[in-house]
Amino acid sequence: MSEQVVFKGVFPIGDTNPQALPIRKLGPAIAFYTAVMGFEVVERDGNLALLKRDDVTIGLEENKSDPEQASCYFRVENIEGLHAEYTAKLLEPSGLILDTSHGKQRIFFTQEPYGVCFCFGEPITE
């Protein structure tokens with residue numbers, strides 16, 4: 001049996017607030033994040049929805065910010081499994097890369113169809 005993918009943390013890249021990721025329309029964004037990215041809705045109120053996957057909670061917010069200027073880093077366990085999951089769901093992730101800028105980790109990138117960019121990484125422990 002293969003190792004399960006687990007989301008362990010979310011961190012902003014630049015000025016992005018992971019608790020208020022900018023989106024244009026809440027309904028379609030929720031559908032994408034739940035069906036494709038594996039999150040579940042925890043709360044929805046007006047123009048904000050909170051979503052959770054494992055140990056990570058993010059917020060989606062209809063606002064005037066440009067989604068293409070937003071980015072987050074997700075720390076995960078089983079980066080290979082997540083890459084395969086997202087490839088199967090046609091999310092078109094980049095290839096896996098060895099990154100040494102903040103310790104050793106394997107990472108990949110993807111962008112959701114509304115513009116927000118994501119980096120997923122798993123630290124390499126020796």
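Keep in mind that the numbers below use all heavy atoms, side chains included, and drop hydrogens, waters and symmetry copies.
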(message) Please say yes or no: joined through hydrophobic side-chain contacts below 4.5 Å, possibly via intermediate residues, are Leu48 and Ile30 part of one cluster?
(response) no
(message) Any side-chain to backbone donor/acceptor pair from Gln105 onto Gly121? Under 3.5 Å, distance only.
(response) no
(request) Could you tell me whether the side chain of Val116 reaches within less than 4.5 Å of the side chain of Phe118, counting heavy atoms only? (result) yes
(message) Measuring from atom CD of Gln111 to atom CD of Glu68, what distance do you get when rounded to the nearest 0.5 angstrom?
(response) 6.0 Å
(message) If you apply the rule side chain to side chain contact (heavy atoms under 4.5 Å, CB included), what do you find for Phe74 with Ile58, and how did you get there?
(response) CA-CA 10 Å; Phe74 290 97; Ile58 60 171; 3.9 Å; yes
(request) Decide yes or no for Val76 and Val56: does some side-chain heavy atom of the first lie under 4.5 Å from some side-chain heavy atom of the second? (result) no
(request) Could you walk me through whether Arg44 and Leu26 pass the side chain to side chain contact (heavy atoms under 4.5 Å, CB included) test, one step at a time? (result) CA-CA 9 Å; Arg44 182 176 177 173; Leu26 196 55; 3.5 Å; yes
(request) Quick one: closest heavy-atom pair of Asn63 and Ala20, and the distance? (result) ND2-O, 4.2 Å
(request) Kindly say whether Ile13 contributes a backbone atom to a donor-acceptor pair with the side chain of Ser71 at under 3.5 angstrom? (result) no
(request) Would you give the length of the straight line joining atom CG of Leu60 to atom CG of Leu51, rounded to the nearest 0.5 angstrom? (result) 5.0 Å
(request) Output the distance between atom CD (Glu77) and atom CZ (Arg75), rounded to the nearest 0.5 Å. (result) 7.5 Å
(request) Enter the distance from Gln4:CD to Asn78:CG here, rounded to the nearest 0.5 Å. (result) 9.0 Å
(request) Locate the shortest heavy-atom distance separating Leu96 from Ile79; write the atom from each residue and the value. (result) CD2-CG1, 3.6 Å
(request) Could you tell me which non-hydrogen atom of Cys72 sits nearest to which non-hydrogen atom of Thr16, and how far apart they are? (result) SG-CG2, 3.8 Å
(request) Please name the pair of heavy atoms, one in Tyr114 and one in Pro67, separated by the smallest distance, quoted to 0.1 Å. (result) O-CB, 3.1 Å
(request) Please answer whether the main-chain N or O of Ile107 pairs with a side-chain N or O of Asp99 as donor and acceptor at a distance below 3.5 Å. (result) no
(request) Give the cluster check for Val41 versus Phe39: same hydrophobic cluster or not, with ILVMFWY residues linked at side-chain heavy-atom distances below 4.5 Å. (result) yes
(message) Classify the ring geometry of Phe120 against Tyr86: parallel below 30°, tilted from 30° to 60°, perpendicular beyond 60°.
(response) perpendicular
(request) Check step by step if side chain to side chain contact (heavy atoms under 4.5 Å, CB included) holds for Phe32 and Ile23. (result) CA-CA 11 Å; Phe32 174 81; Ile23 48 100; over 6 Å; no
(request) Check the surroundings of atom NZ in Lys52: do more than 12 heavy atoms from other residues, nucleotides or ligands lie under 6.0 Å from it? (result) yes
(message) Tell me whether Tyr33 contacts the main-chain N or O of Glu112 through its side chain, where contact means a donor paired with an acceptor under 3.5 Å.
(response) no
(message) With heavy-atom distances below 4.5 Å as the criterion, would you say the side chains of Lys8 and Asp54 are in contact?
(response) no
(message) Between Thr110 and Leu91 (side chain of the first, backbone of the second, donor and acceptor by atom type, cut-off under 3.5 Å), is there such a pair?
(response) yes
(message) Testing the basics here: between Val36 and Glu85, what is the closest heavy-atom pair and its distance to 0.1 Å?
(response) O-OE2, 4.5 Å
(message) A quick test of your reading: do over 12 heavy atoms of other residues, nucleotides or ligands sit less than 6.0 Å from NZ of Lys25?
(response) no
(request) Find out whether Asp15 and Gln69 are in side-chain contact, i.e. whether some heavy atom of one side chain is under 4.5 Å from a heavy atom of the other. (result) no
(request) Please answer whether the main-chain N or O of Thr57 pairs with a side-chain N or O of Gln19 as donor and acceptor at a distance below 3.5 Å. (result) yes
(message) Run Arg24 and Asp66 through side chain to side chain contact (heavy atoms under 4.5 Å, CB included) and show every step you take.
(response) CA-CA 9 Å; Arg24 302 271 186 248; Asp66 182 0; 3.8 Å; yes
